[in-house]
**Student:** 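Before I ask anything, here is the structure I am working with.
Just so it is clear: chains get the letters A, B, ... in the order the sequence lines come, proteins before strands, and each one is counted from 1.
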Protein chains: 2
Amino acid sequence: MRLQQLSRAFLPLIGGRGIHCSRVLKRMDVPPPSSILNPLHHEEITLFGPGPTNTAPRVCHASSLQTFGIFNPPMVDLMKEVQEGLRYLFQTKNELTYAVNASGMAGMETALTNLLEPKDRLMSLTNGCWGGIAAEVGERCGAIVTKLEHPPGVPFSSDEVEKALKEHKPHVLYVAQSESSTGLLQPVEKLGSICHQNNCLLVVDTVASLGAAPFFMDRWEVDVVYSATQKAISCQTGLAPISFSSRAREKIASRKTKVQSYVFDVNKNMVQWGVDGVAKKYHHTYSSTLLLSLREALSMIAAEGLEQMWKRHSENTKRLCNGIEELGLELFIKDPAYRLPTVTAICIPEGVESPGSLNAYCMEKHKVEFGAALPPLVGKVWRIGIMGYNSTEWHTNKALSVFKDGLLHIGYTPKAAKVKAEL
Amino acid sequence: MRLQQLSRAFLPLIGGRGIHCSRVLKRMDVPPPSSILNPLHHEEITLFGPGPTNTAPRVCHASSLQTFGIFNPPMVDLMKEVQEGLRYLFQTKNELTYAVNASGMAGMETALTNLLEPKDRLMSLTNGCWGGIAAEVGERCGAIVTKLEHPPGVPFSSDEVEKALKEHKPHVLYVAQSESSTGLLQPVEKLGSICHQNNCLLVVDTVASLGAAPFFMDRWEVDVVYSATQKAISCQTGLAPISFSSRAREKIASRKTKVQSYVFDVNKNMVQWGVDGVAKKYHHTYSSTLLLSLREALSMIAAEGLEQMWKRHSENTKRLCNGIEELGLELFIKDPAYRLPTVTAICIPEGVESPGSLNAYCMEKHKVEFGAALPPLVGKVWRIGIMGYNSTEWHTNKALSVFKDGLLHIGYTPKAAKVKAEL
């Protein structure tokens with residue numbers, strides 16, 4: 001371990017003992033950028049897009065608190081409380097319940113890369129954009145992927161899913177409860193038992209529905225569920241809550257190959273979360289900032305109660321839908337029973353040539369974000385998200401009034417505006 | 001698109017039009033956990049571990065600001081400013097410079113999974129814990145991995161690296177500038193040109209050195225560099241700054257297989273960052289909270305100047321090392337020129353049976369975190385990190401005085417304590 005005898009040829013750049021900065025000063029290649037030297041100007045936007053939504057003030061405050069070390073006692077408590085809050089939110093008793101330290105998309109990747117080995121079969125229910133992305137993630141795992149497809153916004157019935165499972169015999173079925181690109185709420189409560197009768201595991205994406213629509217992980221026999229924090233949960237972006245059933249854990253434990261991602265490997269993550277009471281071991285550095293935020297968001301959820309949250313989201317989205325129809329516009333999902341209680345897709349009426357200019361105008365004039373369409377509905381729908389902290393009567397009315405102003409701006413005369421003019 | 005004719009058999013759980021919560025109320029499977037209903041109690045810890053370190057107050061404030069939507073105008077500006085600040089920090093003009101939306105370990109995975117295809121050869125310089133982890137990440141990519149190994153804390157010379165490159169002909173060489181498990185600063189400035197003479201790409205891990213030790217990406221011909229925000233940068237945990245040279249981009253562009261990770265796929269991420277001036281396209285939802293924090297941390301770095309940051313870290317770590325030696329203890333890295341200016345490893349003296357009890361005592365009594373050892377040095381060293389916001393004379397003196405009290409607690413009488421008793 002004595003280094004004195006080693007060649008001096010590779011001493012650090014500045015040489016010798018310690019860094020002599022006078023020799024460095026003239027040698028910078030890239031100067032400090034002037035843009036970043038300006039004071040931060042933070043403009044608050046009201047987020048009526050498909051998510052992220054605005055963060056609850058109590059949650060914003062929590063994220064300003066000082067950082068914890070990886071295994072500091074308050075960090076250990078924090079992780080435990082987050083797990084307990086997530087079990088309530090998912091309605092599960094699963095021990096393996098935690099938050100992936102990245103975006104909702106990382107939740108999808110964690111779910112699929114851990115369950116799938118090369119040559120395993122994945123079936124992806126596809127009636128909007130998410131099923132296609134899940135299929136791509138599955139392909140990158142080396143899985144053989146079948147997409148069961150419907151036109152955008154058309155839900156799958158349990159009968160047709162059952163038929164497809166019998167035909168294709170997938171190891172894993174992917175479904176989005178919240179098809180936010182179309183505003184569809186896909187019923188999932190019967191799929192778990194159908195999957196298990198067919199020796200298949202069920203992965204449910206609840207990114208844009210968890211906390212807003214009923215979800216019962218254990219009762220519905222869901223094997224892996226994941227979500228994201230920036231939607232109905234009213235927390236900032238950056239974590240993906242996830243939970244694994246005992247069936248999912250058995251599949252992971254019996255893998256013949258290592259999970260291809262080191263970062264998202266459940267076996268590594270669960271040790272850091274102390275799942276099954278094992279001694280915690282470092283895998284990577286979790287963001288205590290985001291976990292503090294999530295803890296506060298979960299605390300607000302526990303205090304309000306899930307039933308009340310579901311009711312609140314249902315009522316405000318109904319209020320929004322009524323208001324949109326009163327403006328003379330058509331909703332993309334016709335049957336209210338299949339409408340997401342968070343993201344609503346509105347058909348762009350004929351004759352509107354530049355629907356994006358409505359969004360740009362509302363951002364410029366009102367500092368309000370509305371959602372653009374994602375494939376496959378680009379140019380066909382606008383999307384309005386009323387969720388989490390913003391799921392209130394006040395926010396819904398604001399969304400409607402700003403949207404109406406946007407319609408007038410692009411030259412579409414809403415029915416209600418006509419009525420008002422006639423009075 | 002008309003759904004009225006579809007079977008009613010799969011209506012959402014609660015049935016009918018809208019959610020009738022009275023029917024749900026009695027049906028919850030998991031009650032709200034009492035732990036999370038308690039008010040949040042936040043205890044501030046002084047972080048003298050190997051990272052995360054304490055966050056600068058200005059950065060804490062930035063993270064409490066309201067969330068932005070994915071492509072809101074202030075979010076677009078924010079991402080641009082972060083890129084400019086990172087180019088200064090890395091000393092690069094690389095267009096493909098951004099922040100991975102996850103931990104530093106995700107920076108490693110992004111670097112390696114994008115550069116490596118199955119059967120490619122990776123050489124990992126291993127003289128502590130990180131080289132072994134990089135080797136494992138490379139294996140999970142299907143690469144053929146060679147570890148060039150030294151005992152912990154012994155740096156590699158450019159001559160031996162050159163020899164190994166000629167022998168093993170790897171496509172990618174991994175090296176940690178900051179071997180934080182041992183406190184080693186590995187010289188890397190000559191490796192880029194050696195790699196390029198041998199048709200190899202150079203990946204440098206600067207997680208625990210960036211902002212504290214000189215680093216010149218372009219001048220040193222580094223192909224991929226990544227770091228983490230929670231060390232010398234004084235930002236919270238959760239982002240991994242990264243940059244790719246034109247050579248690295250050519251390799252990625254010529255891949256025959258898709259990158260196995262969807263989330264970390266550079267081709268997807270660069271479109272969301274608007275690299276090369278392309279129209280931005282959604283890939284996943286970045287955390288505006290963490291980007292606001294990073295923007296503020298980068299602004300502080302630009303205002304202080306990298307040269308001054310390097311000087312400050314060098315001086316305070318020297319102050320710490322002197323203090324440790326005055327206590328009669330030996331440093332793990334003998335030659336000061338090879339000591340990291342952030343994390344210092346201290347040899348545990350003979351006769352200390354339970355070195356962890358020092359850490360536990362300092363946490364309990366002083367709310368101070370010191371670092372435990374990671375493999376391969378468990379039981380052999382303590383680690384003290386003085387970095388970022390905590391790299392001040394005041395913090396260094398505090399670390400020394402608390403550490404000394406910890407030594408007394410475990411029954412080791414420091415030399416300096418003896419002196420004091422004699423006076």
**Student:** Check whether A:Phe90 gets within reach of chain B through its side chain, its backbone, both or neither, counting any heavy atom under 4.5 Å.
**Tutor:** neither
**Student:** Let me know if A:Glu315 has heavy atoms under 4.5 Å from chain B in its side chain, its backbone, both or neither.
**Tutor:** neither
**Student:** What part of A:His313 gets within 4.5 angstrom of chain B, counting heavy atoms only: side chain, backbone, both, or neither?
**Tutor:** neither
**Student:** Who among B:Asn101, B:Asn72, B:Val137 has the most heavy-atom pairs with chain A under 4.5 Å?
**Tutor:** B:Asn72
**Student:** Could you check A:Ile45, A:Asn54, A:Thr46 and say which one makes a side-chain contact (heavy atoms from CB on, under 4.5 Å) with B:Gln66?
**Tutor:** A:Asn54
**Student:** Under 4.5 Å between any side-chain heavy atoms of B:Val30 and A:Thr92, yes or no?
**Tutor:** no
**Student:** Counting only non-hydrogen atoms closer than 4.5 Å, does A:Pro39 touch chain B with its backbone (N, CA, C, O), its side chain (CB onward), both, or neither?
**Tutor:** backbone
**Student:** Do A:Ser261 and B:Ser261 come close enough that some side-chain heavy atom pair is under 4.5 Å?
**Tutor:** no
**Student:** Salt bridge (Lys or Arg N to Asp or Glu O under 4.0 Å): which pairs involve residues 29-38 of chain A, sequence neighbours left out?
**Tutor:** A:Asp29-B:Arg219
**Student:** Do A:Thr237 and B:Thr289 touch side chain to side chain, with heavy atoms closer than 4.5 Å?
**Tutor:** no
**Student:** Side chain, backbone, both or neither: which part of B:Ile70 has a heavy atom under 4.5 Å from chain A?
**Tutor:** both
**Student:** Do B:Pro52 and A:Thr285 touch side chain to side chain, with heavy atoms closer than 4.5 Å?
**Tutor:** yes
**Student:** For the backbone of A:Gln260 and the side chain of B:Gln260, can you confirm whether one donor and one acceptor N or O come within less than 3.5 Å of each other?
**Tutor:** yes
**Student:** B:Phe68 and A:His42: side-chain contact (heavy atoms from CB on, under 4.5 Å), yes or no, with the steps?
**Tutor:** CA-CA 10 Å; B:Phe68 293 141; A:His42 184 272; 3.3 Å; yes
**Student:** The criterion is side chain to side chain contact (heavy atoms under 4.5 Å, CB included); which residues satisfy it with A:Lys80, sequence neighbours excluded?
**Tutor:** A:Glu84
**Student:** Side chain from CB out, backbone as N, CA, C, O: work out which of these in A:Val259 comes under 4.5 Å of a heavy atom of chain B, or both, or neither.
**Tutor:** both
**Student:** Tell me whether B:Arg27 is salt-bridged to A:Glu307, with the criterion being a basic N under 4.0 Å from an acidic carboxylate O.
**Tutor:** no
